[in-house]
2 protein chains.
Amino acid sequence: MDKLIFTNDQLADFARWLKVICEPNRLLLLEKIIDGVQCNCELGDALEMAPNLISHHLSVLREAGLIEAERDPVDGRWVYYSINLKAMEDLRSLFGDFFDTRRIQPRRLTCGPQVTEEQRLSLLRMTK
Amino acid sequence: MDKLIFTNDQLADFARWLKVICEPNRLLLLEKIIDGVQCNCELGDALEMAPNLISHHLSVLREAGLIEAERDPVDGRWVYYSINLKAMEDLRSLFGDFFDTRRIQPRRLTCGPQVTEEQRLSLLRMTK
DNA sequence: GATATAATTCAATCATGGTTGAAGTATATT
DNA sequence: AATATACTTCAACCATGATTGAATTATATC
């Protein structure tokens, strides 16, 4: 575990990643690309989505760095999309760090009823 | 690794989780709760957010099952929020499974230029 | 150059949900 | 019951981004 506390900038960055992948159609696209289906029309057939909508979402994923595009060397009309391994690993790692249960701290006593902890334990005993 | 392929239902579920946490203010709230800050006014002070906005976002997190609420036993006006450990672990695990690079498959040859693989390798050699 | 195919981009429309301000509820003290 | 404190809910407004339909671009063949 590398990160104990995340800065606001890191959280904003994390949120940007999450915004990209939380869209249901984009998650479906990612799943298909991970599973080996890769060009716009294959993806469109598999997911019953229009080509322009596919392009739009793929563009968002590409700009986020999660996927890469490559034209077919024989016929450049075909564009194949693949996962960016490094980005996928980074994101998985970031997520794992953020949701690492070892990070959980006990409640901070900066607020709450105006009694001391000792008094409070006494009161608790009395109520039981 | 438990999951090789995710169903559409599982992906829709995953997207719902991600929608909840991708909102920047909710991520900030999660970070504070993980770090031990727990009541509405503490969170509000820490993040400079109005009480009603805090309540709204906490409600979304609670309905998703990621956090739990508990009233102070001495003075019930205070409500403390804590992370739901199980949910956090489930989500971390789900994310780890989905973005596991071992799931990546080679491209499926259901589309692309109308040449055989052998012809295509020949063409590649010729272009080099 | 004309035509075709695969994919992308543009911009208007629409859906979703965050934010805001007001009102309401829960809990406490006197 | 009146008043106070902590928190929640409501609903209108607003921001964001997905979707749609049209247009454009990239690549190919003849």
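Letters A, B, ... are given to chains in the order of the sequence lines, protein chains preceding strands, and every chain is numbered from 1.
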Checklist line | Contact under 4.0 Å: A:His57 side-chain N or O vs D:dG17 OP1/OP2 | finding: no
Next item on the list: Could you tell me the separation between the CG atom of B:Leu43 and the C1' atom of D:dT8, rounded to a whole number of Å?
Entry: 15 Å
Note to self: Over 60° means perpendicular and under 30° means parallel, so tell me whether A:Phe14 and A:Phe95 are parallel, tilted or perpendicular.
What the structure shows: perpendicular
Check: What one-letter contact string describes nucleotides 20-30 of chain C from 5' to 3', where B marks a base within less than 4.0 Å of any protein heavy atom, S marks contact via sugar-phosphate atoms alone, and - marks no contact?
Finding: BBB---SBS--
Next item on the list: Using atom types as modelled and distance alone, determine if a side-chain donor or acceptor of B:Arg107 lies under 3.5 Å from a backbone N or O of A:Gly36.
Entry: no
Notebook entry, point to check: How long is the line joining CG of A:Leu18 and P of D:dT16, in whole Å?
Noted result: 18 Å
Item checked: Euclidean distance, atom CH2 of residue A:Trp78 to atom P of C:dA4 [Å, nearest integer] -> 16 Å
Note to self: Is the shortest side-chain heavy-atom distance between B:Tyr81 and B:Glu68 below 4.5 Å?
What the structure shows: no
Notebook entry, point to check: Whole-Å distance between D:dT8 P and B:Arg62 CZ?
Noted result: 6 Å
Next item on the list: Report the residue (A:Lys19 or A:Cys41) whose heavy-atom-nearest nucleotide on DNA chain C is the more 5′ of the two.
Entry: A:Cys41
Margin query: What is the separation between atom CD on A:Glu70 and atom C1' on C:dA7, rounded to the nearest whole Å?
Written below: 16 Å
Margin query: Could you tell me how far apart A:Asn25 (CG) and C:dA15 (P) are, to the nearest whole angstrom?
Written below: 16 Å
Item checked: Gap between atoms OH and P, on A:Tyr80 and C:dA6 respectively (whole Å) -> 11 Å
Note to self: Would you say that A:Met88 contacts B:Ile104 through its side chain, given a criterion of any heavy-atom pair below 4.5 Å between the two side chains?
What the structure shows: yes
Notebook entry, point to check: Taking for each residue the nucleotide of DNA chain C with the nearest heavy atom, is it B:Glu23 or A:Glu42 whose nucleotide lies nearer the 5' end?
Noted result: A:Glu42
Next item on the list: Starting from C1' on D:dT19, measure out to CG on A:Leu47 and report it in whole angstrom.
Entry: 15 Å
Notebook entry, point to check: Counting distance only, does the side-chain N/O of B:Arg103 pair as donor-acceptor with the main-chain N or O of A:Asp35 below 3.5 Å?
Noted result: no
Item checked: Short side-chain to backbone donor-acceptor contact, B:Glu42 and B:Gln38, under 3.5 Å -> yes
Next item on the list: With the side chain of A:Ser59 defined as its heavy atoms from C-beta on, choose the nearest nucleotide among C:dT9, D:dC7, C:dT19.
Entry: C:dT9
Note to self: The side chain of A:Asn40 is closest to which nucleotide in this list: D:dT8, C:dA7, C:dT19?
What the structure shows: C:dA7
Quick one: side chains of residues 54-67 of chain A, donor-acceptor pairs under 3.5 Å with protein atoms, not counting sequence neighbours, listed by atom name and distance.
| unit_1 | atom_1 | unit_2 | atom_2 | d |
| --- | --- | --- | --- | --- |
| A:Ser55 | OG | A:Asn40 | ND2 | 3.1 |
| A:Ser55 | OG | A:Pro51 | O | 3.3 |
| A:His57 | ND1 | A:Arg26 | NH1 | 3.0 |
| A:Ser59 | OG | A:Glu63 | OE2 | 3.4 |

